[in-house]
Amino acid sequence: MSDMGYTFAVAYIRALEGQLFSQSTIEQLMACKDYKAALDFVVDKGWGGLDTPKDADAILAVEEDKIWETIRSLSVPMETFDVLSYPNVFHNLKTAVKEAYLGELHDDFYYKGTEPSMTELRDIMAKKDFAKLPGNMGAAAQEAFETLAHTGDGQLCDVIIDRACLDAIDRAGKDSEEDSIKRYAEAIVAVTDIKIAVRCQKTGKSVEFMHRALQPTGGIDTERLAKAAASGFDSILEFLSSARFAEAAEALRQSPSAFERWCDDYMMQMLRQEKYEVFSIGPLVAYILARENEIKTVGIILSGKLNGLSDDSIRERIRVMYV
């Protein structure tokens, strides 16, 4: 699609950006006295549908669907956005592999609207027809299933598929002609590598384990990252501070919640440069991720109010908004 072909789509997305929740709107939602009042607030903002139950999960699911309904309505090449769905696609693959191993079905564990679908994944796993899976999913599914069957190690199964997901994202970024997709892929791989290293440090994983889990790209030296994580908490903080991720180190010092928030905020900061694009797919990518961030943040607030968390505890988890 030519650059000029995106002009209408970008103009339409620019208009929709005005409906995104600002930091001020999030503050208004935080000010709601309880879960019911907060739920009423988002419904009054147009969230959900006419037949949607007055339930946070149902409303948030409808909003997720609205993202892709909007993008499909713009008549842009949908395959361009495939990489954005990879985290959900590979999550579904993990679910299908574990279902096949355990002989149990869990429909609620699947993300909807992905390809291959839940039904297709289950059929492939039942027949062990791994070659029908696209890209590197087949090899990852076979290795993960055989590993699980021989060792019963669910964590190692996850590592195999998560690494395949990072590899697919990295490859898609390198192969794409769109700068925004390249930037997205590099950023998400780097952030995910940092998250993996932090978890490995907390659980005492070896450097060898981390080499298997980390994707050696994404603008970060994973060899040094793994060694730092294996050396202890202070070492990983020192590495991050020296590798342009000082804010990540500071967030880690504060709390796990603050660190998780930094991970999402880093992506939002990366996306802000797309606001100045006019003739590219960048603003559409930014809008999709901004809406996902918005939905996650609203979900955090609703869940916090439902479970009686303090405002301070909820605020620690609130993400930075795109607008």
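Because the structure is predicted, anything quoted here is derived from the model rather than measured.
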Neighbour count above 12 (heavy atom, 6.0 Å) for E115 CD: no

With Q201 via side-chain hydrogen bond (donor to acceptor under 3.5 Å, both in side chains) - residues at least two apart: none

Lys/Arg-Asp/Glu bridge criterion (N-O < 4.0 Å) met for D158, R163: no

Residues N92 and T114: side-chain donor-acceptor under 3.5 angstrom: yes

Lys/Arg-Asp/Glu bridge criterion (N-O < 4.0 Å) met for E274, R183: yes

Parallel, tilted or perpendicular: rings of F245 and W262 (30°, 60°): perpendicular

K305/D34 ion pair, N-O < 4.0 Å: no

Test: R261 and E247 ion pair at under 4.0 Å: no

Set of salt bridge (charged side-chain N to carboxylate O under 4.0 Å, His left out) partners for K202, sequence neighbours left out: none

Residues T80 and E178: side-chain donor-acceptor under 3.5 angstrom: no

Distance-minimising heavy-atom pair for H211 and E223: NE2-OE1, 3.2 Å

Heavy atoms of other groups near Y12 OH, more than 12 under 6.0 Å: no

Under 3.5 Å, sequence neighbours excluded: what are the donor-acceptor pairs made by side chains of residues 229-239?
residue : atom : partner : partner atom : Å
S231    : OG   : K227    : O            : 2.8

Qualifying side-chain hydrogen bond (donor to acceptor under 3.5 Å, both in side chains) pairs, either residue in residues 56-69, two or more places apart: E63-K66, E63-R291

Donor-acceptor side-chain pairing of E99 and Y110 below 3.5 angstrom: yes

Partners passing salt bridge (charged side-chain N to carboxylate O under 4.0 Å, His left out) against D129 (at least two apart in sequence or in another chain): K132

Results of salt bridge (charged side-chain N to carboxylate O under 4.0 Å, His left out) for K174 - residues two or more places apart only: D170

K98 NZ/CZ over Y101 ring centroid, <6.0 Å and within 45° of normal: no

N-O pairing of D264 and K296 below 4.0 Å: yes

